[in-house]
Amino acid sequence: MKNTVYIYTRDLKRIFTNWAMIIIVLTLMILPSFYAWFNIKASWDPYGRTEGIAIAVTSEDEGSTIRGQHVNVGKDIIATLKKNKTLGWTFVSKEKADHGVKHGDYYASIVIPKDFSQKLGTVLQDRLEKPVIIYKVNEKINAVAPKITSKGASSLTQQISEKFVKTANGAIFSVFNELGITLQRDLPTIQQVEQRIFELENRLPEIKKVINEANDTTQKAGAIVSKAQAALPEVERLTADGAQMTQQLNTFLTKSDEVLKNAEPTINETLHRVQQRALRVQELKNQLMEKDIKPAEVNAASEQLKGQLTKQIADTGEILTLLTDLNALSQQKVLSPVINDVKDVNTLLQQQLSDVNSLQQQTKDGDVPNQSVLDRFSSHTDQAVSRLNALTNSYSSTIVPAVEQAIKEAKDKTASANSLLDEANKSIPDVSNVLSKTASGILLGQQELGKIAKDFPRIEQNVHNIADKIREFQQKENIEDIINLLKNDVQKESDFFAKPVLLKEERLYPIPNYGSAMSPFYTTLCLWVGALLLVSILSVEVADEERFKSYEVYLGRLLTFLSIALVQAFIVTLGDLFLIKTYVVDKVPFIFLGLLCSFVFMTIVYTLVAIFGNAGKAMAIVLLVLQLSAAGGTFPIQVVPAFFQAINPFLPFTYAISMMREVVGGMLADIVRKDVTVLLCIWLGVLLVGIFLHKPLSKTSAKLTKKARESKLIH
């Protein structure tokens with residue numbers, strides 16, 4: 001140990017007593033920092049300056065006439081993009097756009113064809129044609145730019161679709177709303193018609209009695225007949241208005257048939273989304289059921305489960321609302337079984353959420369989750385998945401026919417009401433004729449009363465028929481329910497169908513810019529590069545090596561390299577924090593972990609060169625190249641080829657970058673402890689290899705180096 005310290009102190013003395021060496025060492029200390037700082041600053045906020053990415057936009061849309069109104073969607077798109085600054089939208093001709101994309105003046109182009117508005121308008125026709133936007137991209141200019149431009153093009157088409165759906169639905173629901181208001185306004189008239197017909201039916205026995213006693217009570221009969229004649233014009237007007245209103249309602253339901261059927265794909269899409277989330281919940285459930293799962297992992301999985309289950313509960317709630325409204329139109333309540341199934345699924349999801357909350361409460365203080373709660377949650381999860389699978393599989397055979405049946409019943413009821421009022425209207429002239437004859441009979445005498453008595457049974461039967469049909473309609477359907485359904489908020493309904501699902505984003509450990517997010521990678525990389533610079537410039541050999549034991553030479557010179565490497569790490573971490581203002585949550589741990597990375601990296605690189613000489617330098621470079629691809633510093637490790645995924649757990653960069661990311665975004669102590677432990681184990685293993693194998697391996701590599709130097713091509 002004494003000789004090790006002697007070698008180290010002698011190295012320091014030789015550095016501080018030689019001004020040229022001081023300059024070289026200071027340069028080696030500072031130079032690696034520039035590698036990190038320049039790269040971090042260069043990538044500081046690339047996605048915040050996308051307005052410089054030029055995209056050529058051309059509209060050849062000739063417009064179209066839809067229901068007497070001229071529209072030009074392409075022109076509207078151009079006007080919208082002129083206000084959009086997220087990308088460098090440039091408005092040029094098609095020829096210039098094609099030429100610019102080919103020659104790299106524009107990264108991509110978007111062309112709106114001549115028939116864009118025309119095809120968009122086919123939604124109101126029997127033959128539907130989807131409009132097309134032509135998107136061209138030059139992928140050889142830059143690897144990342146095509147991804148950004150593609151996102152812009154996708155966002156554009158999505159905005160057009162949402163706006164079109166919202167506008168179309170708004171127009172349809174406006175018609176619904178107006179008809180509902182009209183029905184509500186004329187509802188008293190319809191009710192008066194019903195009341196007068198029931199009143200007439202109730203008074204038929206009295207009228208019959210009056211006719212039979214007309215010979216003796218002509219004055220009383222005349223008064224009754226006069227009252228009936230005075231009421232008939234009002235009854236006739238009311239029945240005519242009622243028939244017109246039911247005809248309007250029937251026309252409305254016929255027109256809205258296709259619109260209401262749009263609820264079917266909405267329900268189907270929402271069911272599939274709930275099913276996919278249920279499968280994700282089942283995957284997380286399987287993870288929770290593992291025997292060796294830790295409380296922290298249970299807590300993390302519970303957070304994911306709560307998010308998934310909350311969204312599933314909201315989705316099934318929306319389906320329940322829509323199905324309940326449609327079921328109200330059905331006398332037979334054909335949607336009730338489906339509604340009960342969806343309610344059962346919703347109940348199971350709420351039970352799962354309750355189970356997850358119980359698990360999270362148990363593991364909050366580090367306790368092991370209760371097995372009975374896990375079993376209950378597992379059972380609820382499996383039941384929910386099973387019920388959702390059954391709902392999805394029976395969608396076409398059960399839900400779709402039930403929705404169509406509800407709409408059909410509403411139309412049938414309206415047609416029945418219309419028929420009833422038509423019959424009432426047809427019967428009123430007969431009543432008027434009879435009453436007129438009755439009045440004439442009173443004046444003319446008993447001879448006319450016989451004619452009235454002869455016609456009265458037929459009139460009586462007609463009135464009874466009309467009243468029975470009105471009662472039958474009232475028992476099957478309430479017209480106020482139909483009015484309430486039609487009078488829903490137009491804006492809210494059109495907004496819902498244009499964008500039925502909203503994304504609520506919650507950012508964990510947010511980092512304000514891309515450069516700060518990349519600082520763990522570039523800082524770690526520069527420390528390895530710094531170690532490579534040191535072994536390239538400074539010698540790992542001791543001039544009077546024969547005086548000392550092999551491990552003393554190894555450790556003595558290692559201390560010199562470690563001292564310089566630690567200063568390198570200190571400079572780069574302080575520069576990250578205070579020179580280029582990198583965002584770091586835990587600043588002091590950031591500095592100390594940077595020192596640890598440099599300590600481990602320098603030991604690895606130094607040991608390779610001390611044992612294998614120039615071949616060791618090559619090994620250090622190869623190891624660097626492998627770590628660039630396999631450590632997950634830039635792309636997620638899950639997207640790289642299988643070879644790099646396989647070696648990822650064995651690379652120092654994997655754990656160095658992981659722990660540096662923790663202190664940048666917000667430190668989780670258990671992750672940092674694991675990463676530090678692995679790095680220290682790697683360091684200890686490399687140190688032991690250097691101490692015990694330095695002598696036998698260095699002799700072999702020394703012969704190789706000596707022979708290679710005879711070529712006069714290496715130093």
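What you see is a predicted model; the values in this text were computed from it and never measured.
Under the 4.5 Å side-chain criterion, counting only non-hydrogen atoms from C-beta, Ile55 is not in contact with Ser109. Under the 4.5 Å side-chain criterion, counting only non-hydrogen atoms from C-beta, Val385 is in contact with Asn389. The shortest distance between side-chain heavy atoms of Thr316 and Leu349 falls below 4.5 Å.
Take Ser336 and apply the side-chain hydrogen bond (donor to acceptor under 3.5 Å, both in side chains) test, not counting sequence neighbours, and it matches Asn327. For Asp670, there are no salt bridge (Lys or Arg N to Asp or Glu O under 4.0 Å) partners two or more places apart in sequence or in a different chain. For Ala517, the side chain to side chain contact (heavy atoms under 4.5 Å, CB included) criterion is met by Ile511, not counting sequence neighbours. Scanning for side chain to side chain contact (heavy atoms under 4.5 Å, CB included) contacts around Ala631 gives Phe653, Thr654, Ile657, with sequence neighbours left out. Asp355 pairs by the salt bridge (Lys or Arg N to Asp or Glu O under 4.0 Å) definition with Arg376, not counting sequence neighbours. Every side-chain hydrogen bond (donor to acceptor under 3.5 Å, both in side chains) that Thr381 has, sequence neighbours left out, goes to Gln352. When the salt bridge (Lys or Arg N to Asp or Glu O under 4.0 Å) test is applied to Asp675, no partner is found at least two apart in sequence or on another chain. Taking Pro636 as the reference, Gln638, Val639 meet the side chain to side chain contact (heavy atoms under 4.5 Å, CB included) condition, with sequence neighbours excluded. In this view, Gln383 and Ser379 satisfy the side-chain hydrogen bond (donor to acceptor under 3.5 Å, both in side chains) rule, not counting sequence neighbours. Residues meeting the side chain to side chain contact (heavy atoms under 4.5 Å, CB included) test with Lys114, sequence neighbours left out: Glu60, Glu62.
In this structure a side-chain-to-backbone donor-acceptor pair under 3.5 Å is missing from Asn346 to Val342. Not a single donor-acceptor pair under 3.5 Å links the side chain of Ser354 to the backbone N or O of Gln350. At least one donor-acceptor pair under 3.5 Å links the side chain of Arg661 to the backbone N or O of Gly633. Put simply, the side chain of Tyr655 gets close to the backbone of Pro649: a donor and an acceptor are under 3.5 Å apart. In terms of modelled atom types and a separation under 3.5 Å, the side chain of Asp61 and the main chain of Asn72 share no donor-acceptor contact.
In this structure, Phe116 CZ and Ser59 OG are separated by 9.0 Å, a value rounded to the nearest 0.5 Å. The distance from atom CD1 of Ile313 to atom CG of Leu320, rounded to the nearest 0.5 Å, is 11.5 Å. The OG atom of Ser629 lies 11.5 Å from the CG atom of Asn648; values are rounded to the nearest 0.5 Å. Interatomic distance, CD1 of Ile647 versus CD1 of Ile637, reported as 8.0 Å (0.5 Å rounding). Summarising the geometry, atom CG belonging to Leu651 is positioned 10.5 Å from atom CZ belonging to Phe644; distances are rounded to the nearest 0.5 Å. Separation of atoms CD1 (Ile78) and OG1 (Thr58) is listed at 7.5 Å; rounding is to 0.5 Å.
Residue pairs meeting the salt bridge (charged side-chain N to carboxylate O under 4.0 Å, His left out) criterion with at least one partner in residues 636-645, sequence neighbours excluded, do not occur; the list is empty. Counting only residues at least two apart or in different chains, salt bridge (charged side-chain N to carboxylate O under 4.0 Å, His left out) contacts with residues 382-399 comprise Lys285-Asp382, Asp341-Arg387, Asp344-Arg387.
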